[in-house]
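Quick caveat, the model's predicted, so the values are computed rather than measured. All ligand and atom numbering here is 1-based and tracks the order in the structure.
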Amino acid sequence: MCSTVYGRLDATPYERAVDDYVASEGPIALAGLLANIGPSGSKSQGAKPGIVVASPSLTDPDYVFAWIRDSALVFKALIDRFTDGRDSTRLPLILQYVQSQSNLQNTDNPSGAARGLGLAEPKFEINETAFTGAWGRPQRDGPALRSTALITLANWFIAQGNTSYVTSTLFPMITLDLNYVATYWNDQTFDLWEEVQGHSFFTTAVQHRALREGIALAQKLNSTANVASWTSEAANVLCTLQSYWQPSNAFILSNTNSGRSGIDVNSILTSVHTFSSNAGCDAVTFQPCSDKALAGHFAVVNSFRGSLYSINSGRASTAAVAIGRYKEDSYFGGNPWYLATFAAAEQLYLALSTWNSQKSITVTAISQPFFAQFIPGIAAGTYASTTSTFTTLTSAIRTYADGFIAINQQYTPANGGLAEQFSKSNGTPLSAVDLTWSYASALTAFDRRAGVLPAAWPAAGLTVPSGSSCGDSSTTLSSVTFNVNAQTVLGENIYLTGSVAELRNWSPDNAIGPLSNPNYPIWTVTVQVPANQTIEYKYIRKNGGSVVWESDPNRSFRSATTGGSVTLNDVWK
Ligand code: NOJ
Ligand code: NOJ
């Protein structure tokens, strides 16, 4: 089928309406995105060169900050357009982004020291100084997303025969970020919505991708120093990635510790940002057309059907709806987001690209409910591109994908500006105006609709060890012995609790203990805890119903790598 997007002769009136929106909104999105980048973007006043202002909104909410995540996703979109030859003028701005990120890597901040723990600081002031207010930190997706943007650029330079800028500038920056990822990926993190501290699917997935492409880059540069550690950690991350899949309810758990349903556009964004054209419909990396990612898409979209958003309530049960972050969201009242709704379309365009190139669609028991939206009762099986089933599915799914674009189209104001959210009751724009990430998400969704794909990463043919050795937590635990010197009175005992489940999640009632005291006043216990993490804890005294905690601050230690052990010798405080 002809794939020229604009003015297709075979397009339906509905497709043509979406074509028109893509044609008019695309340039507005690009201009809107560039306006928010310093030093000379028209809405970037005060931003250093290459700094992305998340939104020019100064109050309610104040988004005049440079988030590492938003900036990396925005520049990834620009770098893709530059490296695929569509935007040859953009290199100077991209190099300014690189310099700005180097400056931020070298800035001490509340997450920690420059070039160390500070790499996961979520946001900075737009003049490149640290933001010192309270925030959900650290956010460990940042170093990974930044690496992915920089690696895409590095691969382009190498393809041009220019490795010197890569070895002198890009690769050292990438190495800092990837060493951070390899060391801390299994630590708790704030999620991409900056709300939940736990493990987050999006974060784990982008960390995995960054490590894999970093390994390939290092090999191209004959730099072997970190390849072994990145490789072994990438395997562990891939293993952990599998654990987010929830087989009994067929969805992808977005975060541990959220206390929510766990169904979240987090999973759709993940398949969009970890797509690789060489990986087919592999489920181990949750490719957009994998059965698990399609089941995830189905679960997320369904979670927004019905009366949650009144603008969705009249829509047919198999039509596109406006998509928010997650159904329990209450930020600005909890509304649909442009970037979430675009991502729902983008995952489907990516899936269509892969089905068309592999010339078949496979329906499994896991993805059947997704496909049954288009062919009720469809049987599991593989449908070749020569079958009418393939044609029916691809055309219906394309229309469905266009439906998400059409919703954003309906709620885009006349000037084409894209805020962060639009009202669930009447579709008017809400929260931050001119959100740079909204514009980037429009550009990438439009590109995928036109069949323009980002460069692949080494996602092809990855497997996880089957059975007991993958996903078995004993493969990621290490041992810690706690010794505390504490004088007690008769009837009083010493217990232990802390920040991970193995230390009973700060529960005084379920605290570990009483510790044993064969060498009183030393109380002792040995516990298995997640390997290679910073873990907080305190001892408590219990006597009958009374509980006395140690004084602040919390104690903390770094657990050993898998299978190792550490010993802590403390004195009650
Ligand atoms: C600001 C964060 O950016 C947003 O994601 C979050 O929902 C609110 N704070 C409330 O925690
Ligand atoms: C709030 C979003 O939840 C977060 O993901 C984003 O980084 C900031 N806003 C800035 O756009």
Please list, in number order, the atoms of ligand 2 under 4.0 Å from a heavy atom of Trp437. 5 (O)

Output all residues satisfying side chain to side chain donor-acceptor pair (under 3.5 Å) with Trp337, sequence neighbours left out; order by chain, then residue number. none

For the pair Tyr21 and Phe342, name the ring-plane relationship: parallel under 30°, tilted 30 to 60°, perpendicular over 60°. parallel

Should Asp509 and Ser507 be marked as a side-chain hydrogen bond (donor to acceptor under 3.5 Å, both in side chains) after you check the CA-CA gap, both sets of side-chain angles, and the distance that decides it? CA-CA 5 Å; Asp509 293 344; Ser507 165; 5.2 Å; no

Just say parallel, tilted or perpendicular for the rings of Tyr184 and Tyr180, cut-offs at 30° and 60°. tilted

Could you pull out all residues at least two apart from Phe201 that satisfy ring-ring contact (aromatic ring centres under 6.0 Å, His included)? Tyr244, Phe286

For ligand 1, run through the N/O pairs with the protein that fall under 3.5 Å and put one pair on each line.
{"from": "ligand 1", "atom 1": "3 (O)", "to": "Glu194", "atom 2": "OE1", "distance (Å)": "2.3"}
{"from": "ligand 1", "atom 1": "5 (O)", "to": "Trp193", "atom 2": "O", "distance (Å)": "2.8"}
{"from": "ligand 1", "atom 1": "5 (O)", "to": "Arg325", "atom 2": "NH1", "distance (Å)": "2.8"}
{"from": "ligand 1", "atom 1": "7 (O)", "to": "Glu195", "atom 2": "OE2", "distance (Å)": "2.4"}
{"from": "ligand 1", "atom 1": "7 (O)", "to": "Arg325", "atom 2": "NH2", "distance (Å)": "2.8"}

For Leu435, the atoms of ligand 2 under 4.0 Å from one of its heavy atoms are 11 (O)

Set of residues satisfying side chain to side chain donor-acceptor pair (under 3.5 Å) with respect to Ser441, sequence neighbours excluded: none

Cationic tip of Arg260 above Tyr326 ring, under 6.0 Å, 45° of axis: yes

Within-cut-off N or O pair, Trp337 and ligand 2, under 3.5 Å: no

